[in-house]
Amino acid sequence: MAILSREFYARPALEVARDLLGCRLVRQINQHRLSGFITETEAYQGETDLGCHAHVGRTPRTAIMYGQAGHAYIYFTYGMHWLFNVVTDLVEVPSAVLIRAIMPDEGQHEMALNRPYRAHKRGWLNGPAKLTQALLLNGDQNGCDLCLEASGLYIENAPLTPDMQVIATSRVGLNSEPEPWKSIPWRFLVKQDGALN
DNA sequence: CGCCAGATCCACT
DNA sequence: GTGGATCTGGCGG
């Protein structure tokens, strides 16, 4: 499968978030190829979206979201976690898609080593901070270009996941945000047959 | 199982 | 100084 193009990412975050479902997130590191199929995403679009970090405008932290689509926006939160996002839409339109969960595929043993205490349990990659641990992603990869294979971090194309298998719900962790942002259905999940990752 | 507190630090006010 | 796009272990039912 081909690496997703700049054009794919240079669309509104809502479309990108929806279409990323089923695509393969790939991390090449230390001679290993770690990958998993994206099963959950969230869209954050623009300064008017109070759930989006860019609602405070352009700062050193949010500047990456104002840049070219297809780059990684990786930030630190809660004093211990890194979250992985993909910059979307046109330059000067601050928006991104948070990757919240993957179904592990290649390099499962390596990924498990990166998550020593929980790797044997169910749902070991169904959270935005879990997958960054497994894929060894942190601030060092912030701003990295996902359209270049040489980055060692990119997403591969996949057939579009049918609407029948897609669920849209409100985004997670925005409980203190006002409506409509708190409840707007900008979170997308692939319907699973009861089986968690 | 569900609920809750603790961990731990950075960006922004 | 404050609070956060989270996760985990422990405790109670």
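Numbered from 1 within each chain, the chains take letters A, B, ... in sequence-line order.
The closest side-chain donor-acceptor pair between A:Gln45 and A:Ser95, if any, does not fall under 3.5 angstrom. Remark: the A:Glu179 side chain and the A:Ser183 side chain contain an N/O donor-acceptor pair separated by less than 3.5 Å.
When each of C:dT6, B:dT13, C:dG4 is scored by its nearest atom to the side-chain atoms of A:Val172, the top-ranked nucleotide is C:dT6.
In this structure, A:Ile184 atom CD1 and C:dA5 atom P are separated by 17 Å, rounded to whole Å. Remark: C1' of C:dA5 and CZ of A:Phe188 are 15 Å apart, rounded to the nearest angstrom. Atom CG in A:Leu137 sits roughly 19 Å away from atom P in C:dA5 (whole-Å rounding). For A:Leu174 and C:dT6, the CG to P distance is 8 Å, given to the nearest whole Å. Put simply, NZ on A:Lys130 is 13 Å from C1' on C:dG9, counting in whole angstrom units. Atom P of nucleotide C:dA5 and atom CD of A:Glu40 are separated by 15 Å, given to the nearest angstrom.
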Salt bridge (charged side-chain N to carboxylate O under 4.0 Å, His left out) between A:Asp105 and A:Arg33, intermediate numbers included: CA-CA 10 Å; A:Asp105 188 38; A:Arg33 184 176 147 103; over 6 Å; no

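Residue A:Tyr9 is grouped with residue A:Ile74 when hydrophobic side chains (ILVMFWY) are merged at heavy-atom distances under 4.5 angstrom, including chains of intermediate members. In the hydrophobic clustering of ILVMFWY residues, with side-chain heavy atoms under 4.5 Å counting as a link, A:Met111 and A:Trp82 come out together.
A ring-ring contact (aromatic ring centres under 6.0 Å, His included) with A:His53 holds for exactly one of A:Phe76, A:Tyr75, A:Tyr66, A:Tyr44; it is A:Tyr75.
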Contact pattern, 5' to 3', of nucleotides 5-11 of chain B - B, S or - by protein heavy atom under 4.0 Å: --BBBSS

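Here C:dA5 sits opposite no nucleotide as a Watson-Crick or G-U wobble pair (both hydrogen-bonding atom distances under 3.5 Å).
Distances shown here put a side-chain N or O of A:Arg100 below 4.0 Å from the OP1 or OP2 atom of C:dT6. For C:dT8, one of the phosphate oxygens OP1 or OP2 lies less than 4.0 angstrom from a side-chain nitrogen or oxygen of A:Arg115.
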